[in-house]
There are 2 protein chains.
Amino acid sequence: MKIGELSKRTGVSIRMLRYYEAEGLLKPRRTASGYRDYDAAEIRTVERIKLLGSGGMTLATIRQFLPCVRGEGPVFEPCDELRTVLHEQIRQADQKAEKLAQSRRILRNFLHEIEQP
Amino acid sequence: MKIGELSKRTGVSIRMLRYYEAEGLLKPRRTASGYRDYDAAEIRTVERIKLLGSGGMTLATIRQFLPCVRGEGPVFEPCDELRTVLHEQIRQADQKAEKLAQSRRILRNFLHEIEQP
DNA sequence: CTTGACTCTGACAGCGCTGTCACAGTTTAA
DNA sequence: TTAAACTGTGACAGCGCTGTCAGAGTCAAG
């Protein structure tokens with residue numbers, strides 16, 4: 001699959017797909033003429049990257065648990081570090097969620113203030 | 001109150017307090033010599049800005065409902081637009097929260113995958 | 001008066017992400 | 001074969017935020 005198709009299928013721009021690669025998140029084969037040739041399984045990978053990214057995670061961070069993202073089954077070497085990173089990321093996600101909730105509460109209060117004068 | 005004190009009291013850097021002003025969120029008096037002179041009430045304002053910002057809101061957006069942020073009681077003119085903006089922001093906050101939750105779920109799944117081979 | 005801490009402005013730079021443009025080569029379909 | 005659509009690379013720019021640095025003025029305490 002060429003980059004245009006992957007882009008259409010995932011909703012991630014061609015620009016960003018190339019950027020993912022530059023950041024080490026994707027490593028597509030190349031055709032004889034140099035075109036990127038993606039495995040169909042990478043659709044899933046890209047979607048996961050997209051989701052994690054929309055949760056406020058950095059590409060550099062996502063790369064840390066790339067084996068998981070790519071669904072490469074059980075991980076060997078960096079298993080412990082991986083677990084640590086994952087726990088830390090979950091913790092940060094919880095923190096972000098809390099901040100977001102606080103922020104939302106403030107907005108709701110504003111709304112009440114201007115609706116009941 | 002001068003900028004250094006406000007910074008210490010709020011935990012917002014001097015740099016950012018000046019930036020808030022440049023973005024139209026704060027308008028401190030000036031001493032004869034040009035020093036910024038903040039009202040004590042602005043501590044609250046800055047804290048709210050900080051919270052909204054940590055919820056992913058842009059300063060330009062926060063400026064939209066500045067009267068609320070500054071707690072200036074009932075708002076007159078832009079009341080309807082303000083309500084619209086607030087509802088929209090709450091909606092976006094909910095969206096972000098949903099994305100964040102999805103992202104968190106993915107992380108938890110990764111964790112399960114590598115913990116049970 | 002002098003010194004050290006504080007403040008002012010303005011500029012530059014970096015972060016991570018994203019779009020766009022230019023220029024060149026490739027593929028596909030008419 | 002030719003034209004349109006696609007892909008490649010590299011560079012530049014912008015977003016919003018943030019730190020830092022330089023050069024100058026101000027303030028408070030010794």
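In the text below, chain A, chain B and the rest are named by the order of the sequence lines, each starting its count at 1.
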To the nearest angstrom, the CG-P distance between B:Leu17 and C:dT7 comes to 10 Å
Is it true that a side-chain atom of A:Arg9 and a backbone atom of A:Ala40 form a donor plus acceptor pair closer than 3.5 Å?
no
Stretch residues 44-59 of chain B: residues that reach within less than 4.0 Å of DNA chain C through a heavy atom:
none
Just by distance, do the side chain of B:Arg83 and the backbone of A:Glu115 share a donor-acceptor pair under 3.5 Å?
no
If you compare all heavy atoms of B:Ile14 against all heavy atoms of B:Ser7, which two are closest, and at what distance to 0.1 Å?
N-OG, 3.6 Å
Value in whole Å for how far the P atom of D:dT18 lies from CD of B:Glu21
16 Å
Counting N and O atoms only, with roles assigned by atom type, does the side chain of A:Arg48 sit under 3.5 Å from a partner on the main chain of A:Cys68, one being a donor and the other an acceptor?
yes
Side-chain (B:Arg36) to main-chain (B:Pro28) donor-acceptor, under 3.5 angstrom
no
Hey, which of A:Arg30, A:Arg15, A:Arg29 is the one that makes salt bridge (Lys or Arg N to Asp or Glu O under 4.0 Å) with A:Glu21?
A:Arg30
I'd like to know if the side chain of B:Lys96 reaches the main chain of B:Gly56, judged simply by a donor and an acceptor atom lying under 3.5 Å from each other, with no hydrogens or angles considered.
yes
I need a per-nucleotide contact map over nucleotides 8-14 of chain D, read 5' to 3'. Cutoff is protein heavy atoms under 4.0 Å; write B for the base, S for backbone only, - otherwise.
SB-----
To the nearest Å, how far apart are A:Leu25 CG and C:dT18 P?
12 Å
Can you list everything that forms a side-chain hydrogen bond (donor to acceptor under 3.5 Å, both in side chains) with B:Arg91? Sequence neighbours excluded, please.
B:Glu88, B:Gln95
Does B:Ser13 place a side-chain N or O at less than 4.0 Å from the phosphate oxygens OP1/OP2 of D:dG19?
yes
